[in-house]
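Below is one structure; the comments refer to it alone.
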Amino acid sequence: MWCKGQLAVVLLLFFLCDAFAQPRFKGKKIIAKYQKPAVVEYVEPRAGAPQTVTAQCTDSEVIVTISPDLLGIQKPVQPSDLSMGGCGVTSPAGAQPFVIEAPLQGCGSTVEMQGAEIVYSFTLVYNPSPIDGLPIVRTNPAVVQIECQYNRLHNVSSNALNPTWVPYTSTISAEDILGFSLVIMSSDWSGPSSSNTFFLGDLINLQASVDNSNHVPLRIFVDRCVANPGSNASAPAYTFIGNNGCFLDSQLTGSNSQFVSPRVAQSVLQFQLDAFRFYGLTTSLIFITCRLKVTLASANVDPLNKDCSYNSALSQWSSVDGNNAVCSCCDTSCTNPPPFRRGSGVPRYRPRRASEVSVPAGWEETVSVGPLFLEQVSPLSSVAQSLSGQQAEIDSGFQASILGAVVGVLAVSCVAVLFLVYRKANGIVNTKQ
């Protein structure tokens, strides 16, 4: 009887301690439970007045309100031409203004930790469709960036009664939250790029990273990256990184695209994409969506967790982390690597069981960046301008030579005439004497 009473007291104390601790949030991001206006920024080409788009951030979604006169030029836009990360207008047909309700972790959103804030970013895209029956449009595309900013909440409660220990369950949940980010960097990698405009022939610097301040050291990988000209599901797409971390673009096109080696940190991976445009499309917008994942930094790389670049000159793959053997599957399929064989001179990797392949919840995330504006510079135009400039210089020099010769002839003629006049005048004076 005494043992049962003691057990009951222990269970009661455990329940009370856990009740006073911070509630378990099971891997979900903690956000402030109040409404606040979103930050709305018009990206070039600039849309109309800021009042044409407003947004409200709640604890679970963003509500975007769009005026039919989006561009402020008295030309109403069609709701079917508006999208936000693949999500269209959710308001009833015919209702104005247009409304898009998007979950914070959907509709192409990206999440980033900025100091003491969690920032969810959305991209509203207006892509005008042709006028019915005519192959023309009379409005320009427009892009609007929308941000929802929330204060980060920590594991320390502000209630009057605080436990002197952090419950184990809360600690585990906090460790499961990882902040993935994908950023366009400046040409010298010193910080984020101040411009999203690039020209064909440029290398676009991208940096993937993970904030693991509440976790053991982690190593980040770029598992897959896809580029597309818009959020429309029917738009063409180009997978330039695939097969579990193989930089396919450099192999398929012989480009200079590559992962930057060595890493600046295990939680950071930098890579460069050779700028391109989609054939046959007039839009210069490109969005990039990548699947990022992490493993323990102490774990060895393998065919499913790697980042490999292709050297066109040597026709071979190389790993950012030094073990080039893990890249041998980039020419086939890395989902089912070659079987493990003992005694083989080349390192082989046995197929993984399902329990080994699965990634822990929260250890991978799909993030997007964009839009990027790709401008085309014609090499022929540059050559023509260069040749035109050289021809102008030649013509200018030739004209200067002719002018100099004419001036010289006139000068000699003037001297000869003056000399003759002087001789004649001198002869008349001598005759009179």
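What's counted below: heavy atoms across the whole structure, side chains too, no hydrogens, waters or symmetry copies.
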Do you know which two heavy atoms are closest between [X] and [Y], and how far apart they sit?
X: I184; Y: L206; result: CG1-CD2, 3.8 Å
X: S255; Y: S250; result: OG-CA, 3.5 Å
X: I66; Y: P97; result: O-CB, 3.2 Å
X: D321; Y: R263; result: OD1-NE, 2.8 Å
X: Y120; Y: Q105; result: OH-NE2, 3.9 Å
X: L374; Y: A275; result: CD1-CB, 3.5 Å

State the [atom1]-[atom2] distance between [X] and [Y], to the nearest 0.5 angstrom.
X: N243; Y: T332; atom1: CG; atom2: OG1; value: 7.0 Å
X: D249; Y: D274; atom1: CG; atom2: CG; value: 7.0 Å
X: L104; Y: D59; atom1: CG; atom2: CG; value: 8.0 Å
X: C148; Y: E61; atom1: SG; atom2: CD; value: 10.0 Å
X: F271; Y: L182; atom1: CZ; atom2: CG; value: 5.0 Å
X: L304; Y: K293; atom1: CG; atom2: NZ; value: 6.0 Å

So F247 and F240, would you call those rings parallel, tilted or perpendicular, with 30° and 60° as cut-offs?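 Plane angle between 30° and 60°, so tilted.
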Parallel, tilted or perpendicular: which describes the rings of F278 and F276, with under 30° parallel and over 60° perpendicular?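 Rings of F278 and F276: perpendicular, over 60°.
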Without hydrogens or angle criteria, can the side chains of [X] and [Y] be said to hold a donor-acceptor pair below 3.5 Å?
X: D331; Y: Q251; answer: yes
X: S209; Y: S181; answer: yes
X: Q272; Y: N205; answer: yes
X: D81; Y: N127; answer: no
X: S67; Y: T52; answer: no

Are S195 and S193 close enough, and set up right, to give a side-chain hydrogen bond (donor to acceptor under 3.5 Å, both in side chains), and what steps lead you there? CA-CA 5 Å; S195 172; S193 176; 5.5 Å; no
Taking SG to SG, are [X] and [Y] separated by less than 2.5 Å?
X: C87; Y: C107; value: yes
X: C308; Y: C327; value: yes
X: C334; Y: C246; value: no

For a 4.5 angstrom cut-off between non-hydrogen side-chain atoms, does C330 reach K306?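 Yes, side chains in contact.
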Close side-chain approach of E365 and V210, heavy atoms under 4.5 Å: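 SC-SC contact between E365 and V210 ruled out.
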Pick one: which of T123, I146, V125, V144 meets side chain to side chain contact (heavy atoms under 4.5 Å, CB included) with M84?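 Checked T123, I146, V125, V144 against M84; only one passes side chain to side chain contact (heavy atoms under 4.5 Å, CB included): I146.
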Would you say the ring centroid of F198 lies under 6.0 angstrom from that of F373?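 Ring-ring flag for F198/F373: false, centres at least 6.0 Å apart.
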Taking the six-membered ring of Y238 (Phe, Tyr or Trp), confirm whether the NZ or CZ of R224 is under 6.0 Å from its centre and within 45° of its axis.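 That pair does not qualify as a cation-pi contact.
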Who are the side-chain contact (heavy atoms from CB on, under 4.5 Å) partners of P76, not counting sequence neighbours?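 For P76 the side-chain contact (heavy atoms from CB on, under 4.5 Å) partners, ignoring immediate neighbours, are P68.
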